[in-house]
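Only one structure is covered here, and it is reproduced in the block below.
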Protein chains: 2
Amino acid sequence: MTEEASPPPLDPAELGAYFALIEVSSLLRHTVEQQLRDAGDLSYVQFQLLARLGDTADGSQRMTELADGVVYSRSGLTYQVGLLEKAGLVARSPSAEDDRGVTVTITEAGRDVLARVFPGHIDVLRQLFLEPLARADIDSLARVLTVVRDHMRSIPPRSAKRRRKSAARQSPNGGGA
Amino acid sequence: MTEEASPPPLDPAELGAYFALIEVSSLLRHTVEQQLRDAGDLSYVQFQLLARLGDTADGSQRMTELADGVVYSRSGLTYQVGLLEKAGLVARSPSAEDDRGVTVTITEAGRDVLARVFPGHIDVLRQLFLEPLARADIDSLARVLTVVRDHMRSIPPRSAKRRRKSAARQSPNGGGA
DNA sequence: TATTGTTATACTCTATAACTATA
DNA sequence: TATAGTTATAGAGTATAACAATA
C-alpha cells in the first residue's frame with residue numbers, strides 16, 4: 001500500500017481548470033454567503049432549501065426529497081429545517097400518504113425572505129461571476145459544467161454506503177431544470 | 001431599508017452555469033475531502049497549505065503570505081498551522097528580517113504526507129471531474145474560469161474586510177439576537 | 001500608530017449512532 | 001426487516017475581538 005503507482009501528473013490545462021474552479025467557487029460562495037446573511041440572515045443551505053421549496057407548485061416537499069437535492073445527512077437536514085421552522089420560514093406537517101413522512105412547506109414569511117434576498121443575490125452573481133464573461137463563455141461554461149455534473153451524479157456517491165436514499169429508483173422530478 | 005430595484009432575472013444559460021458550478025464544486029470538494037482525510041488525515045485547507053509550502057523553493061512562507069493565498073481569517077490560519085505543527089508536518093520559526101513575523105516550513109514528514117496523498121487526489125480529479133471532458137472542454141473551462149478568477153481577484157472582496165482599525169467607536173448597537 | 005501573529009471565545013455546521021414509529 | 005425522521009452528542013472549522021510584541 002505504500003507503493004501506489006503514481007498516476008501521471010496533470011497537465012497545465014487540467015491543473016488550471018481544477019484550481020480555477022476551486023478558487024472561483026470558494027470566492028463566489030463566500031461572497032454570496034455574506035450577502036445572504038446580511039440581507040436575510042440565511043446560510044447558503046437554508047437559502048437553497050427555501051429556494052427549492054419556493055420553486056414547487058405548492059411550496060412543499062418531503063424531507064426525503066429535500067435531502068435528495070441538498071447533499072446532506074438526514075440529521076443535518078433536520079437541523080436546518082428546524083432552524084427555518086423556528087424562524088417561521090417553513091412549517092412542518094405530517095405527510096398525508098405516509099404516516100412516517102413529514103411535509104415541509106414554505107410560509108408567507110419564507111417567501112418574503114426569499115424575495116428580499118433574491119435581488120442582492122443576483123447582483124452578486126452578475127458583478128462577481130458573470131460580468132467578465134461573453135455570451136459564448138457563459139454558454140460554454142454551462143454546457144461543460146453540466147456534462148461534469150451529470151457525470152458526477154451518475155457515479156456511486158459515497159453517501160450511498162450507509163442508508164441508501166432513493167438513488168435506485170427513477171424519480172420523475174429528479175432535480176433537473 | 002433600501003428599496004432595491006429588482007434586477008432582471010438571469011437567463012437559463014446564466015442560471016445553468018451558476019447552478020452547475022456550485023453543484024460540481026460542492027460534490028468535487030466533498031469527495032476530495034474524504035480522500036484527503038482517508039489517505040492523509042488532512043482537511044482540504046491543510047492540504048492547500050502543505051501544497052503551497054511544498055511548491056516553494058525552500059518550503060517556507062510567512063504567515064501573511066499563506067493567509068493571502070488561502071481565504072482565511074488570521075486566527076483561522078493560526079489554528080490550522082497549529083494543527084499541522086502539532087502533527088509534525090510543518091515547523092514554525094521566527095522570521096529573519098522581521099521580528100514580528102513567523103516563517104512556516106514544511107517538514108520531511110509533511111512532504112511525505114503530501115506524496116502519500118497526491119496519487120489519490122489526482123485519481124479523484126480524473127475520475128470525477130476530468131473524465132467526461134474532451135481536451136477542448138478542459139481548455140475552455142480553464143480559460144473561462146481563469147478569466148472569472150482574475151476578475152474576482154481584481155475586485156474588492158476579502159481585502160475589504162482585512163484588518164480594520166477601530167476608529168471612533170460608534171455607539172454600541174444594542175440589538176443582539 | 002500600524003502591523004504581525006496569537007489567544008480566548010462563541011457559534012455554526014456536519015456527521016454518527018441510537019432511537020421511535022410506521023410500512 | 002426496512003424506511004422516515006428525530007435526538008443526542010461530539011468534533012471540526014471559522015470569525016471576532018482583545019492582546020503582545022515589533023516596526
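Please read all numbers here as calculations on a predicted model, not as lab measurements. First the proteins, then the strands, lettered A, B, ... as listed; each starts at 1.
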Quiz item: When you match B:Thr103 and A:Leu83 each to their closest nucleotide on DNA chain C, which lands nearer the 5' end?
Solution: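 Nearer the 5' end of the strand: B:Thr103.
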Quiz item: If you pin A:Asp98 and B:Leu77 to their nearest nucleotides in DNA chain C, which one's is more 5'?
Solution: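 First, find each residue's nearest nucleotide; the 5'-ward one identifies B:Leu77.
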Can you tell me if the side-chain N/O atoms of [X] get under 4.0 Å from OP1 or OP2 in [N]?
| X | N | answer |
| --- | --- | --- |
| A:Arg37 | C:dC13 | yes |
| B:Gln80 | D:dA12 | no |
| B:Arg100 | C:dT6 | no |
| B:Ser43 | D:dG13 | yes |

What is the distance, to the nearest angstrom, from the [atom1] atom on [X] to the [atom2] atom on [N]?
| X | N | atom1 | atom2 | value |
| --- | --- | --- | --- | --- |
| B:Arg74 | D:dG13 | CZ | C1' | 19 Å |
| B:Tyr79 | D:dA12 | OH | P | 6 Å |
| A:Leu66 | D:dA4 | CG | P | 13 Å |
| A:Arg29 | D:dG13 | CZ | P | 16 Å |

Practice problem: Counting heavy atoms from C-beta on, name the nucleotide in D:dT6, D:dA4, C:dA23 closest to the side chain of A:Arg62. | Solution: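 Taking heavy atoms from C-beta onward, the closest nucleotide is D:dA4.
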Quiz item: Out of D:dA23, D:dA4, C:dT16, which has the shortest distance to the side chain of A:Ser73?
Solution: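 Comparing D:dA23, D:dA4, C:dT16 against the side chain of A:Ser73, the answer is C:dT16.
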Exercise. Scan B:Ser95 against the nucleic acid and name what it touches under 4.0 Å (heavy atoms): base, sugar-phosphate only, or nothing.
Key: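 Counting heavy atoms under 4.0 Å across all strands, no contact is made by B:Ser95.
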Quiz item: Does some side-chain heavy atom of B:Arg143 sit less than 4.5 Å from a side-chain heavy atom of A:Asp137?
Solution: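 Yes. Closest side-chain heavy atoms under 4.5 Å.
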